[in-house]
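All figures in this text were calculated on a predicted structure; none of them were measured in a lab.
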Amino acid sequence: MAKPCYAILVDGGFAKYALKSKAKDPPISDKEIAKLIFAIGQQPCVEGMRLHRVYFYDAKPLTGKVSRPDGKEFDFSSSKMAVISQQQHASISRIPYVAMRFGELSYRGWSVKERLLRATKAITQIAPDDLEPNVQQKGVDMRIGLDIAALALKKQVQVIILVTGD
């Protein structure tokens, strides 16, 4: 008789935020995700079970170009966040049993940087460098829900472990 199985579904946006140390600037690496997977596998609820798969959900970075409010061009593909995200996806995808699931990012114009909004002094002028692209993630939560339904309906796993902040 086959061992019962479990699956781990990880919201990448939440995991990257929750696992990142406030003291360090570099993003999380595949090592932190591998540690998380190992720690989950040590929990009593999955003792004696076999890992079916780890689904890691995130959005691919934007790659297009847009005009800034000051008329200059902004290239998403050369931004620090895009480069970091691509490196993270490549390293996480090499972890055994990990399947990457990608949502999308949507560009929604420009917004004032959050640190300026939290400042105690009143803002009287906004410079072009005070603005940042307003980008929203789409489709990740839906993909998580669809995978939960598929795993349950197909009876591929007996336990689903969901790592998310939603």
Side-chain angles (χ1 to χ4, degrees), residues 7-40 53-151 160-166:
I8 303 171
L9 286 70
V10 179
D11 180 335
F14 170 74
K16 288 189 273 188
Y17 174 78
L19 296 175
K20 183 177 177 181
S21 165
K22 293 191 186 336
K24 66 179 187 175
D25 185 38
I28 64 163
S29 69
D30 55 332
K31 290 175 183 60
E32 281 97 355
I33 297 297
K35 284 183 201 175
L36 173 67
I37 294 166
F38 179 78
I40 291 170
R53 181 160 293 138
V54 177
Y55 297 91
F56 190 89
Y57 302 86
D58 204 2
K60 287 189 176 185
L62 287 174
T63 56
K65 296 178 182 180
V66 295
S67 292
R68 292 174 27 141
D70 62 359
K72 295 180 183 174
E73 192 174 73
F74 181 83
D75 184 2
F76 284 106
S77 61
S78 64
S79 71
K80 181 180 177 182
M81 287 303 296
V83 172
I84 288 170
S85 187
Q86 289 170 341
Q87 291 170 346
Q88 284 177 326
H89 293 159
S91 67
I92 291 169
S93 69
R94 290 191 290 268
I95 300 171
Y97 296 99
V98 170
M100 301 296 289
R101 297 281 200 255
F102 292 110
E104 299 167 1
L105 290 179
S106 170
Y107 167 69
R108 304 270 182 170
W110 295 88
S111 61
V112 177
K113 291 180 180 177
E114 196 173 318
R115 66 174 170 72
L116 291 173
L117 295 175
R118 287 186 298 205
T120 55
K121 63 180 182 176
I123 301 172
T124 56
Q125 277 190 322
I126 297 174
D129 288 341
D130 296 335
L131 299 174
E132 62 187 358
N134 181 3
V135 178
Q136 293 180 337
Q137 181 176 277
K138 298 283 186 187
V140 169
D141 292 344
M142 179 61 71
R143 283 171 177 78
I144 291 172
L146 289 171
D147 282 342
I148 289 172
L151 289 166
I160 296 173
I161 298 168
L162 182 60
V163 180
T164 185
D166 293 69

So which pairs with a foot in residues 85-101 pass salt bridge (Lys or Arg N to Asp or Glu O under 4.0 Å), sequence neighbours left out? Arg101-Asp147

I want to check something: taking the side chain as every heavy atom from C-beta on, are Val135 and Phe76 in contact at a cut-off of under 4.5 Å? yes

Measuring from atom CD1 of Ile160 to atom CD1 of Ile148, what distance do you get when rounded to the nearest 0.5 angstrom? 5.5 Å

More than 12 heavy atoms of other residues, nucleotides or ligands under 6.0 Å from CD of Glu114: yes or no? no

Less than 4.5 Å apart, any side-chain heavy atom of Ile126 and any of Lys113? no

If you measure from CG on Asp58 to CD on Gln137, what distance do you get to the nearest 0.5 Å? 6.0 Å

Return the CZ to CD distance between Arg68 and Glu73, rounded to the nearest 0.5 Å. 11.0 Å

Rounded to the nearest 0.5 Å, what's the gap from CE on Met142 to OH on Tyr57? Could you check? 12.5 Å

Please say whether more than 12 non-hydrogen atoms of neighbouring residues, nucleotides or ligands are located less than 6.0 Å from OH in Tyr97. no

Can you find a heavy atom in the side chain of Leu9 that is under 4.5 Å from one in the side chain of Leu151? yes

Keeping Gln86 on the side-chain end and Val83 on the backbone end, is there a donor-acceptor pair under 3.5 Å? no

Do Pro133 and Trp110 have side chains that approach each other closer than 4.5 Å (heavy atoms only, starting at C-beta)? yes

Does a side chain donor of either Asp11 or Thr164 reach within less than 3.5 Å of an acceptor in the other side chain? yes

Over all atoms of both residues, closest heavy-atom pair of Ala34 and Ile95: N-CD1, 4.1 Å

For Ser85 and Gln88, does a side-chain donor sit closer than 3.5 Å to a side-chain acceptor? no

Please list, chain by chain and in numerical order, all residues satisfying side chain to side chain donor-acceptor pair (under 3.5 Å) with Asp75, sequence neighbours excluded. Ser77

Atom pair NZ/OH of Lys65 and Tyr107 - distance to nearest 0.5 Å: 15.0 Å

Quick check: do Val98 and Ile37 have side-chain heavy atoms less than 4.5 Å from each other? yes

Looking only at heavy atoms, the pair that brings Phe74 and Ser79 closest together is CZ-CB, 4.3 Å

On a heavy-atom basis, which atom in Leu131 and which in Pro69 lie closest, and how many Å separate them? CD1-CG, 3.4 Å

Of all heavy-atom pairs between Ala59 and Val140, which one has the smallest distance, and what is that distance? N-CG2, 4.3 Å

Taking atom NE2 of His89 and atom CG of Asp30, what is their separation to the nearest 0.5 Å? 12.5 Å

Please test Val163 against Ile40 for side chain to side chain contact (heavy atoms under 4.5 Å, CB included), starting from the C-alpha separation and ending with a verdict. CA-CA 10 Å; Val163 180; Ile40 291 170; 3.8 Å; yes

